[in-house]
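Have a look at the structure below before the remarks.
Here is how names work: the chains are called A, B, and so on, in the same order as the sequence lines, proteins then strands, and each is numbered from 1.
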Amino acid sequence: MSSAGECDGTPESELIPDGNRMTRLRRNLSRWYAANGRELPWRATHDPYRIWISEIMLQQTTVAAVIPYFDRFLKQFPTVDVLAAADENDVLRMWEGLGYYSRARNIHTTARQLVAERDGTFPEDADELQRLPGIGRYTAGAIASFAFDRRAPIVEANTLRLYSRLLGYQGDPRSSAGQKLLWRFAEEVLPRKQPGRFNQALMELGSTVCTPTAPDCPKCPLRTVCRAFAENLQSEIPRPKPRPQITPVVEASIAIRRADTYLLRQRRPEERWAGLWDFPRFEVGPDLLSQADESPERMVPFLQQSLRQPLEKLTGVSAELTSVVTELRHSVTRYRIRLICLEAEYRDGRLANGEETQQWCRPEEFEGLAFSVTGRKLARLLSQRDIGSS
DNA sequence: CATACGTGGTG
DNA sequence: TCACCAAGTAT
């Protein structure tokens, strides 16, 4: 019986390269990075605040997507003190469209904590950093090494792939055993001098050369020490992550108009997009799906029937659906959502909850509120249409 | 150890 | 169109 890590007969304990190969690896990578490292907005500094913000934004998010957000965010909140003094809604507003909004809340919480408890300074130690909200093992290592040049290891998407290939590790690198091996390698490969720069070099190589599909091995400075390359296993390593099944869903978003305002609600803590503003939104039962497949306009009477009660229960008001504004599609986690956006005319009733979580809002006021992406798209459509009709 | 959490880009 | 992937963390 052999474990997943030794399918090819090599025990995991022997996968870590010896001293000579480590030395060659470090030298080759360092030279390569000097010539090939990209200039990124958060690389030109050792400011822990900037590095922290960039690392949080980069969690599960591409560099290209982050850059404009990073620039805007730093302009609005240039220091940890400014961030700590801001309202949460304004922080979320800057985060709008980036996803994983708990990151924005954690950033805000952490900023306040640092200002309150440490005069706005950051811990320099990875273990201390990891105690802060939203900072896990990777991010702690990244901040400690990039900002303070601590010898802290990192393992994330790029390095997980790079290390797995370098070691020729055919087991599951996300498993407990795989993680243990990779973190050990990450620690042992780290040089005494400029560990932060070296960590960045590892990630850079992983993201630009040792790519998920079609890695550019001929250009890789580490091909001579790469076990996957030696055995031509680049396309087998790392083992792909299993993906959950996608479920199609139909939802309806209702923009209830009352004079020159629309009803908005703040999503509850247990809902997706918790705390963000949205138009009242409902799942459309499978019984209406057949109607949904017809022209959307034909759905209006059916939706009027089926949504009247839920709408009253959720908001406290009743309204008459008038027309379909647009249809949006988006995927979120394991759902593919077809969102039918409708307009409705307010009839009667008063808001169920206080003005805290529901409010009548003029389109000009939409800009200041944080929405999810689909909520923002509908908000913009209504604003534009409103201007056009007035 | 599995799952929730978002969105946009790519082949 | 669609599956896959992205500088992960919290529970």
Side-chain angles (χ1 to χ4, degrees), chain A residues 37-38 40-43 50-70 92 95-107 109-110 129-147 152-163 172 174-179 182-183 186 196 199-208 210-214 238-248 267 269-276 278 328-338 370-377:
Chain A
R38 290 169 295 179
L40 298 173
W42 45 87
R43 279 211 177 136
R50 289 180 166 245
I51 289 165
W52 169 52
I53 299 298
S54 73
E55 287 305 330
I56 301 297
M57 286 186 172
L58 285 161
Q59 288 170 2
Q60 297 289 284
T61 311
T62 57
V63 167
V66 164
I67 287 174
Y69 280 87
F70 180 80
L92 285 168
W95 209 267
E96 195 184 275
L98 205 50
Y100 289 138
Y101 299 96
S102 64
R103 293 184 295 176
R105 297 172 195 294
N106 285 148
I107 270 186
T109 303
T110 297
L129 283 163
Q130 203 177 337
R131 293 189 204 115
L132 299 170
I135 298 184
R137 192 172 178 184
Y138 160 72
T139 304
I143 297 172
S145 65
F146 301 165
I154 56 163
V155 178
E156 39 66 73
N158 297 304
T159 43
L160 176 144
R161 189 172 55 247
L162 177 65
Y163 302 163
D172 180 359
R174 297 163 196 84
S175 70
S176 179
Q179 286 288 302
L182 297 187
W183 278 100
N199 274 340
Q200 305 219 37
L202 288 164
M203 280 194 294
E204 189 75 348
L205 185 65
S207 61
T208 63
C210 196
T211 49
T213 59
R239 259 162 57 169
K241 188 191 306 185
R243 302 283 170 180
Q245 195 182 333
I246 302 299
T247 308
R267 297 180 66 93
E270 71 274 16
E271 295 180 291
R272 191 189 308 280
W273 302 299
L276 299 190
D278 196 9
L328 301 173
R329 290 162 180 280
H330 74 291
S331 295
V332 52
T333 313
R334 55 191 170 85
Y335 300 103
R336 181 169 49 251
I337 302 176
R338 178 182 172 205
F371 289 83
S372 72
V373 164
T374 48
R376 174 59 68 192
K377 281 179 183 166

Specify the separation, in whole Å, of atom [atom1] of [X] and atom [atom2] of [N].
X        : N     : atom1 : atom2 : answer
A/His330 : B/dG8 : NE2   : C1'   : 13 Å
A/Tyr100 : B/dA4 : OH    : P     : 11 Å
A/Arg50  : C/dA7 : CZ    : C1'   : 18 Å
A/Leu98  : C/dT9 : CG    : P     : 15 Å
A/Arg103 : B/dG6 : CZ    : C1'   : 8 Å
A/Arg174 : C/dT9 : CZ    : C1'   : 16 Å
A/Ile143 : C/dA7 : CD1   : P     : 17 Å
A/Ile56  : B/dG6 : CD1   : P     : 14 Å

OP1 or OP2 of [N] less than 4.0 angstrom from a side-chain nitrogen or oxygen of [X], does that happen here?
X        : N     : answer
A/Thr62  : C/dC5 : no
A/Arg243 : C/dA3 : no
A/Trp52  : C/dA7 : no
A/Gln60  : C/dG8 : yes

Closest to the side chain of A/Arg272, out of B/dG6, C/dG8, C/dA7, is B/dG6
Considering only heavy side-chain atoms of A/Ser176, the closest of C/dA7, B/dC5, B/dC1 is B/dC1
At 4.0 Å (heavy atoms only), tell me whether [X] reaches a base, stays on the sugar-phosphate, or touches nothing.
X        : value
A/Gly97  : sugar-phosphate
A/Leu40  : base
A/Thr139 : sugar-phosphate
A/Ala65  : nothing
A/Pro133 : sugar-phosphate

ask   = Does A/Phe70 have its ring centroid less than 6.0 Å away from the ring centroid of A/Trp42?
value = yes
Closest to the 5' end of DNA chain C, once A/Arg161 and A/Gly136 are matched to their nearest nucleotides, is A/Arg161
Result for 5'-nearest mapping on DNA chain C, choosing between A/Arg137 and A/Arg329, is A/Arg329
DNA chain B nearest-nucleotide lookup for A/Ser372 and A/Arg334: closer to the 5′ end is A/Arg334
On DNA chain B, more 5' by nearest nucleotide between A/Ser175 and A/Val332 is A/Ser175
Do [X] and [Y] have side chains that approach each other closer than 4.5 Å (heavy atoms only, starting at C-beta)?
X        : Y        : answer
A/Trp95  : A/Met57  : yes
A/Leu162 : A/Leu205 : yes
A/Ser331 : A/Ile246 : no

Q.
I'd like the P distance from C/dA7 over to B/dA4, given in whole Å.
A. 23 Å
I'd like to know if A/Arg161 pairs up with A/Glu156 as an ion pair, taking the criterion as any Lys NZ or Arg NE/NH1/NH2 lying under 4.0 Å from an Asp or Glu carboxylate oxygen. no
Review point. Counting distance only, does the side-chain N/O of A/Asn199 pair as donor-acceptor with the main-chain N or O of A/Ala152 below 3.5 Å?
Key: yes
